[in-house]
Amino acid sequence: MVGLKPSDVPPPLAVKMASAGTAACIADLITFPLDTAKVRLQIQGEKTSVQNIRYRGVFGTIATMVRTEGPRSLYNGLVAGLQRQLCFASVRIGLYDNVKDVYTGGKENPGVLVRILAGCTTGAMAVSFAQPTDVVKVRFQAQVTLAGVARRYSGTMQAYRHIFQNEGLKGLWKGTFPNITRNALVNCTELVTYDLIKEAILRHKLLSDNLPCHFVSAFGAGFVTTVIASPVDVVKTRYMNSPPGQYKSAINCSWVMLTKEGPTAFYKGFVPSFLRLGSWNVVMFVTFEQVKRLMMVAKKNMETTS
């Protein structure tokens, strides 16, 4: 199980969900500028982008945004991002071990296919809850805050209202299919890779179950996840950010990208994606492990004193 030694008592579901949500929010706070840079690079080349601004590379994008829009622009959509993580990570990560146990009937050392199935399941479940927050987050990150350039939204709650009033519930759940595909891929790759790398490290006694082990496992999981999920992530971002009518569907969005920009368009923003996912994984998994253990210690102390 993720983050547990065989001798550990499995933490309650509430502890795992709370730990996952907390860790994901901390990871988002630290890595959000990289995510914003990724979104800007992914949508570059669209008709809706500002034509006189050209982003080049992750750090060039960040520097351009700070110079033209100010440092606060790097955190556009942060509120929606934190809302997303609270309801998204708590489900996709917090429920992973429990869903894995359901599929195996509680047996230890499940196979890779069972882990993949559990990761896909919790990833898809999480999207059904968090999709509106993801739509608002992406649109805020894509929104350029320049003098003379009209802003689509002025605040997070106004964005939810505006999308609902102008696009209906369909607008809030826009891009659900590519997002489910993307997050099923991300979740199963991220969690399964982390699981397998960590188990291999512990089995061969390369490291003990501590920070260095968690760091290496999380970094490896971030790289593998970026390679596999990047094409779907680009389509998801483009489609979510598009105004009504620009694309007929996510598949149409993919076709337009392929025919107009070529196959490399699906890997736009790969470096910031990897930097973001790699660093996000490191911060999230390390924090997740520590918060979960602290919560278990606190729970045990409360039980002994009561």
If you define the side chain from C-beta out and look only at heavy atoms, does anything of [X] sit under 4.5 Å from [Y]?
X      : Y      : value
Leu258 : Pro263 : yes
Val15  : Lys292 : yes
Val232 : Phe266 : no
Gln131 : Leu172 : no
Lys268 : Arg40  : no
Tyr247 : Val256 : yes
Ile93  : Leu191 : yes
Val216 : Lys198 : no

Q) Can you check whether Gly175's main-chain N or O pairs, donor with acceptor, with Asn179's side chain at less than 3.5 Å? A)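 No.
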Q) Would you find more than 12 non-hydrogen atoms of other residues, nucleotides or ligands less than 6.0 Å from Ile251 atom CD1? A) no
Q) Can you tell me if CZ on Phe215 sees more than 12 non-hydrogen neighbours from other groups inside 6.0 Å? A)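 For Phe215, atom CZ is not crowded (no more than 12 foreign heavy atoms under 6.0 Å).
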(Q) Go through it in stages, so that I can follow the logic: the residues are Leu78 and Leu29, the test is side-chain contact (heavy atoms from CB on, under 4.5 Å), and I'd like the CA-CA distance, side-chain angles, deciding distance and then a yes or no. (A) CA-CA 8 Å; Leu78 177 62; Leu29 284 169; 4.0 Å; yes
Between the side chains of [X] and [Y], is a donor N or O closer than 3.5 angstrom to an acceptor N or O?
X      : Y      : answer
Lys137 : Asn76  : no
Asn241 : Arg139 : no
Thr36  : Gln141 : yes
Tyr96  : Asp195 : yes

**Q.** Residue list, side-chain contact (heavy atoms from CB on, under 4.5 Å) with Phe219, at least two apart or on another chain
**A.** Phe274, Val282
Q: Could you tell me if the ring centre of Tyr194 sits under 6.0 Å from that of Phe285?
A: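 That pair passes the under 6.0 Å test.
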Q: Can you tell me which residue pairs pass the ring pair (Phe, Tyr, Trp, His ring centres under 6.0 Å) test with a partner in residues 159-188, sequence neighbours excluded?
A: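 Non-adjacent pairs meeting ring pair (Phe, Tyr, Trp, His ring centres under 6.0 Å): Tyr153-His162.
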Q) Does Asp35 pair with Arg84 as a salt bridge, N-O distance under 4.0 Å? A) no
**Q.** Note: Asp233-Arg238 ion pair, threshold 4.0 Å (strictly below)
**A.** no
Q. Among the clusters formed by ILVMFWY side chains lying less than 4.5 Å apart, do Met125 and Val186 turn up in the same one?
A.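 Result: no, two separate clusters.
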Q.
I'd like to know whether Asp209 forms a salt bridge (Lys or Arg N to Asp or Glu O under 4.0 Å) with Arg203, so could you lay out the CA-CA distance, the side-chain angles of the two residues, the decisive distance to 0.1 Å, and finally the verdict.
A. CA-CA 11 Å; Asp209 189 2; Arg203 184 169 60 251; over 6 Å; no
Q.
Testing the basics here: between Cys213 and Ser217, what is the closest heavy-atom pair and its distance to 0.1 Å?
A.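 What the structure gives for the nearest pair is O-OG, 2.8 Å.
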(Q) Using the rule given for side-chain contact (heavy atoms from CB on, under 4.5 Å), can you reason through Glu289 versus Leu211, listing the C-alpha separation, both sets of side-chain angles and the distance that settles it, and then say yes or no? (A) CA-CA 9 Å; Glu289 302 270 14; Leu211 274 174; over 6 Å; no
Q: Applying side-chain hydrogen bond (donor to acceptor under 3.5 Å, both in side chains), run through Thr121 and Tyr103 and close with a yes or a no.
A: CA-CA 11 Å; Thr121 300; Tyr103 286 141; 2.8 Å; yes
